[in-house]
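Written out below as structure tokens is the structure these notes cover.
Counting begins at 1 with the first residue of the sequence. Whatever order the structure lists them in is the order used to number ligands and atoms, beginning at 1.
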Amino acid sequence: MQPQLTPQQLHEFERDGFVLIRNAFEPKEIDQVVSWVNEVQAFPETPGKQMMYFEKSLLAGGKRILQRMENVYEYHEGLKDLFDSEQVKGVVSDLFREPTVLFKDKINFKLPGGGGFDWHQDQQAGWWVYAQIFITALICIDRVTPENGPLEISTGHHKRGLIGKEWEPLNDDNMKAMKFESIMLEPGDMVFFDSFAPHGSGPNMTDQSRRVLYITYNKLSEGDHRKQYYADKRKSFPPDCERDPDKEYKFRV
Ligand SMILES: O=C(O)CCC(=O)C(=O)O
């Protein structure tokens, strides 16, 4: 099923910096995507392949849990086809009003005890090197509730360009006059958002996971940068299993 954006949804995206599409996937389709996410979640940590990042659970015991996985595109046929599909990439092209190319793919697992994300614009994470603007497609895998760390997005501030500094979360001054909307989701819902839309989220202190796929594209006219982006990221912020034990690594934005 290809979610056909209505003129109203196109308008909302331009006005707000994001648009929510309910039931973008049929139940059978999203069940398939959930089973693919289960498969990659069980992948072993392997240097040079999918990039797996872990965190310490905020719940009692503080065990090491999977926080996010990137670059599964090359290692899972089903997810690769999904990221290349009309249903996801095609809609981003409609929003850009021109052909688009995959920039990065990521699953945020937010398992029980998984931490939140400081307020930021994705564009602050050094993305300028690659392109001027990106659109991310979020696909909801697990139900998102007020308790498990929903995505919170501010409406209408995407038109202000870079609001904060690169590589630093937004500060109170940057966020004056911003209102954030928490987005509750069911599996199969999608959100498309602009790389300048300020957003963040809280931790998941429940006993259920809150997994969400984030697939990011840029305009094809700005070039295909996925391989270079991941080569750069492996150096600057490598996955856990590729780290130098004598070095300290800090997630910035
Ligand atoms: O998944 C979330 O809760 C927010 C994720 C986010 O902002 C990010 O990965 O940049």
For [atom], what's the nearest protein heavy atom and its distance?
atom: atom 8 (C) of ligand 1; answer: K106 NZ, 3.4 Å
atom: atom 5 (C) of ligand 1; answer: N108 ND2, 3.2 Å
atom: atom 3 (O) of ligand 1; answer: S201 OG, 2.5 Å

Atom 1 (O) of ligand 1: which of Y214, W119, F251 has the nearest heavy atom?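 Selected option, by shortest heavy-atom distance: Y214.
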Under 3.5 Å donor-acceptor, Y249 side chain and D244 backbone
yes
Sorted by chain and number, sequence neighbours left out, side chain to side chain donor-acceptor pair (under 3.5 Å) with R143 holds for E186
Ring-face cation of R68 near F54 (centre distance under 6.0 Å, axis angle within 45°) =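 The answer is no, since R68 fails at least one limit relative to F54.
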Can you list the ligand 1 atoms lying under 4.0 Å from a non-hydrogen atom of [X]?
X: D122; value: 10 (O)
X: L151; value: 4 (C)
X: H120; value: 6 (C), 7 (O), 8 (C), 10 (O)
X: K110; value: 3 (O)

- prompt: Does some side-chain heavy atom of I21 sit less than 4.5 Å from a side-chain heavy atom of L5?
  reply: yes
Between Y217 and I135, is there a side-chain heavy-atom distance shorter than 4.5 Å?
no
| field | Evaluation steps, salt bridge (Lys or Arg N to Asp or Glu O under 4.0 Å), between R22 and D189 | value | CA-CA 5 Å; R22 296 268 175 219; D189 290 346; 2.7 Å; yes
Ligand 1 contact on R210 by region, counting heavy-atom pairs under 4.0 Å: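 R210 to ligand 1: side-chain contact only, backbone stays beyond 4.0 Å.
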Short version for V212: what comes under 4.0 Å of ligand 1, heavy atoms counted, is neither
Between P239 and the options K49, E45, R234, the side-chain contact (heavy atoms from CB on, under 4.5 Å) test singles out R234
